[in-house]
Each structure stands twice: as structure tokens, then as C-alpha cells.
Engineer: 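Below is the structure I would like to discuss, written out as C-alpha cells.
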Amino acid sequence: MRIDVLSIFPSYFDGLTLSLLGKARDAGILDLHVRDLRDWTSDRHRTVDDTPYGGGAGMVMKPEPWGLALDELAAAPSASADASRPTIIFPSPAGEVFTQATARELSSRQHLIFGCGRYEGIDERVFEYAADLGEVRLISLGDYVLNGGEVATMAMIEAIGRLIPGVVGNPESLVEESHEDGLLEYPSYTKPSSWRDRAVPDVLLSGNHAVIASWRRDQQLERTRRRRPDLLPEEDRSES
Ligand SMILES: Nc1ncccc1[N+](=O)[O-]
């Protein structure tokens, strides 16, 4: 998979050279390019924003640098030979909510381009123009306001990248996680079996895998009921 990131703060993404994603890049599984949007400006001050038409506080990102950058990146050779159009993602609090299902859907794409907005946002015509270059998705991490799209892009790249075959050593570990089966994950324990007078639940020391699996499922349901009843089907929401 090829991922291009456009930002006026490219150093935000230095963290993606570390750990699993760093290894995936070294192994050629993930082809990640972070680019400075200002590289597509032509004035001395490398201007990327201006005042909003119609008035209002703050500044809006100008369309010209975005248009030039997206033209170039959308034409970049993606991992696959086929000329599939890229998926162009703009993190935005006005977007669809990012979930594990979104991560799984996007992890099978060949070419993702993330456009990180700053200021009061990006000129709307950029999203319209980008639709001629690829599939445009405005995606939100949640109902709160960040100062820009960089943190959201980091989170999405991590959630998507770890699902790409070969990135996580043991694919088994991807299955038993929160939200993979629609429920929160069960509690985990490791040695010592007793710590500060707190013992590991006996069932986990029993060696009876069927009983352990049943206990873990019960824990998932109980936790989901208590912390995220919204994830449960209507009929399962009441505290039994
Ligand atoms: N919540 C957000 N605030 C600003 C930019 C992007 C955001 N998001 O969630 O993708």
C-alpha cells in the first residue's frame, strides 16, 4: 500500500518511522510519503491560507496549493500495477465517524492520500476537485475539535496500517481485540498470579479452554453493557 500525507507540519509524522509501521516501511510493505503542502506554493512567503469570503474569524486554506499537490500525488505510482484511483481522505469533524470497520475497509486499498487541513478548514472547491482524481472521504475521529488533521491522520494510519498483512507479526492478535467482534475486549492478566493482594481470576489458571472462552465472552458482554451499551443490539442493552 502507498500512503501519501499532505500537511504544513510534516514533522508531526516522524513518529511513523518507529515501531511496527517503521518496520513495515523498511520491509516495503508500507510505502509512506509525507509531503509539505508549502512545496506547492510559489510566493516568497509560501502562503497557504487567506481570509474567508463572507467574513468570519480565522483563515481558510487556499485551493491552489492543494490542487497542484493532489494532481501530482494522485498520479504517483501506487503499489499495484493497476491504475486504480486513490482514496483521498480529509480528516474533518464534519466527516463520517472513523471506526474499526472503516479501518478494515481502507486497509485493502492500494493508494491512500491524507490531506491535513489547518486553520478554519480548506476551500470547499478542493473537495469537489479532488473527486475528479479519486474517491474523496471526509472522516472524523470523534465529536471534538482538534487544531488540524495531523493527529487524526496519525491515528487513522496506525489503525489502517496494522491491518495490512505482514505489518503485525501474529495476525491472530488482530482478531481478539475491542471492536473486532463488535464488543469491548475481555480483561487481560499476566504473571505474577498474585500482585499486591490481587489474584488473577481462578478460571484463567484452570487450563479449561472452553470455560475460559465462555468467561471471556461474558466479560466482553458485561463490559460492553456497562461502558458502551450503544454497541449492543437493542435487546441486549439492559443490565441483567
Ligand atoms: N475532530 C477533528 N478536528 C479537527 C480536524 C480533524 C478532526 N477529526 O476528527 O478528524
Side-chain angles (χ1 to χ4, degrees), residues 1-16 21 30 32-41 46-67 69-70 73-74 86-109 111-131 133-164 177-180 184 227-228 230-231:
M1 177 193 284
R2 178 178 173 122
I3 297 180
D4 289 295
V5 179
L6 272 171
S7 167
I8 58 173
F9 295 115
S11 53
Y12 245 100
F13 299 92
D14 293 352
L16 292 180
L21 290 183
L30 186 59
L32 178 71
H33 304 263
V34 180
R35 301 295 302 273
D36 187 340
L37 179 68
R38 293 187 196 276
D39 289 350
W40 286 275
T41 59
R46 310 185 83 201
T47 308
V48 292
D49 64 314
D50 205 331
T51 53
Y53 277 118
M59 303 288 271
V60 174
M61 296 192 97
K62 296 164 59 64
E64 297 97 324
W66 283 103
L70 289 171
L73 296 183
T87 302
I88 305 170
I89 298 159
F90 294 97
S92 165
E96 65 183 274
V97 177
F98 186 75
T99 65
Q100 189 64 16
T102 322
R104 194 158 285 291
E105 174 203 357
L106 295 176
S107 69
S108 62
R109 301 291 166 89
H111 187 193
L112 302 180
I113 299 174
F114 285 89
C116 301
R118 279 267 146 179
Y119 306 106
E120 298 313 305
I122 302 172
D123 187 299
E124 190 68 16
R125 291 167 292 182
V126 172
F127 306 132
E128 295 162 11
Y129 178 76
L133 301 173
E135 180 197 6
V136 173
R137 303 278 286 270
L138 270 66
I139 302 181
S140 168
L141 281 197
D143 297 335
Y144 42 80
V145 183
L146 302 168
N147 290 328
E150 284 78 8
V151 167
T153 295
M154 288 280 279
M156 289 191 241
I157 289 178
E158 179 155 321
I160 294 164
R162 63 195 298 276
L163 297 178
I164 297 171
E177 293 183 316
S178 280
H179 304 291
E180 264 310 316
L184 301 187
R227 298 178 189 163
R228 290 294 306 276
D230 58 295
L231 293 179

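All ligand and atom numbering here is 1-based and tracks the order in the structure. If you read the sequence from its start, that first residue is 1, and numbering goes on from there. Everything quoted here is computed from the prediction, not taken from an experiment.
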Engineer: Of all the atoms in ligand 1, which lie at a distance below 4.0 Å from a heavy atom belonging to I139?
Structural biologist: 10 (O)
Engineer: Within the 4.0 Å heavy-atom shell around A152, which atoms of ligand 1 are there?
Structural biologist: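 Ligand 1 atoms under the 4.0 Å threshold to A152: 8 (N), 10 (O).
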Engineer: For M156 and I89, work out which heavy atoms get closest and say how close.
Structural biologist: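 Nearest pair, atom of M156 first, then I89: SD-CG2, 4.3 Å.
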Engineer: To which protein heavy atom is atom 3 (N) of ligand 1 closest, and what is the distance rounded to 0.1 Å?
Structural biologist: L146 N, 2.9 Å
Engineer: Identify the protein heavy atom lying closest to atom 5 (C) of ligand 1, giving its residue, its atom name and the separation to 0.1 Å.
Structural biologist: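 Answer for atom 5 (C) of ligand 1: G148 O, 3.4 Å.
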Engineer: How close do M154 and L16 get, heavy atom to heavy atom, and via which atoms?
Structural biologist: SD-CG, 3.7 Å
Engineer: What's the shortest heavy-atom distance between T41 and P65, and which atoms?
Structural biologist: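 Looking at all heavy atoms of both residues, the closest pair is CG2-CG, 3.9 Å.
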Engineer: I need the atoms of ligand 1 closer than 4.0 Å to a non-hydrogen atom of G142, numbered in the order shown.
Structural biologist: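 Selected atoms, number and element: 1 (N), 9 (O).
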Engineer: Counting only heavy atoms closer than 4.0 Å, does ligand 1 sit against the backbone of S140, its side chain, both, or neither?
Structural biologist: both
Engineer: Can you sort out which atoms of ligand 1 are near P91, meaning under 4.0 Å from one of its heavy atoms?
Structural biologist: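 That gives atoms 6 (C), 10 (O) of ligand 1.
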Engineer: Check ligand 1 against V145 and write out every atom of the ligand that is under 4.0 Å from a heavy-atom position of the residue.
Structural biologist: 3 (N)
Engineer: So, taking the atom named CD1 in I3 and the one named CG in L21, what distance separates them when rounded to the nearest 0.5 Å?
Structural biologist: 8.0 Å
Engineer: If you look at every heavy atom in V60 and P52, which pair is closest and at what distance?
Structural biologist: CG2-CB, 3.7 Å
Engineer: Can you pull out the closest protein heavy atom to atom 1 (N) of ligand 1? Residue, atom name and distance to 0.1 Å, please.
Structural biologist: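 Ranking protein heavy atoms by distance from atom 1 (N) of ligand 1, first comes Y144 O, 2.7 Å.
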Engineer: Roughly how far, to the nearest 0.5 Å, is CG of L73 from CG of L112?
Structural biologist: 12.5 Å
Engineer: Between N147 and ligand 1, find which residue part has any heavy-atom pair under 4.0 Å and reply side chain, backbone, both or neither.
Structural biologist: neither
Engineer: May I ask you to check whether G149 has an N/O atom sitting below 3.5 Å from an N/O atom of ligand 1?
Structural biologist: no
Engineer: Considering the heavy atoms of L141, write down every atom of ligand 1 situated less than 4.0 Å from one of them.
Structural biologist: 8 (N), 9 (O), 10 (O)
Engineer: Can you tell if the side chain of D123 reaches within under 4.5 Å of the side chain of K62, non-hydrogen atoms only?
Structural biologist: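 In short, these two side chains do not touch, never coming nearer than 4.5 Å.
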Engineer: Output all residues satisfying side chain to side chain donor-acceptor pair (under 3.5 Å) with R109, sequence neighbours left out; order by chain, then residue number.
Structural biologist: T87, E105, E135
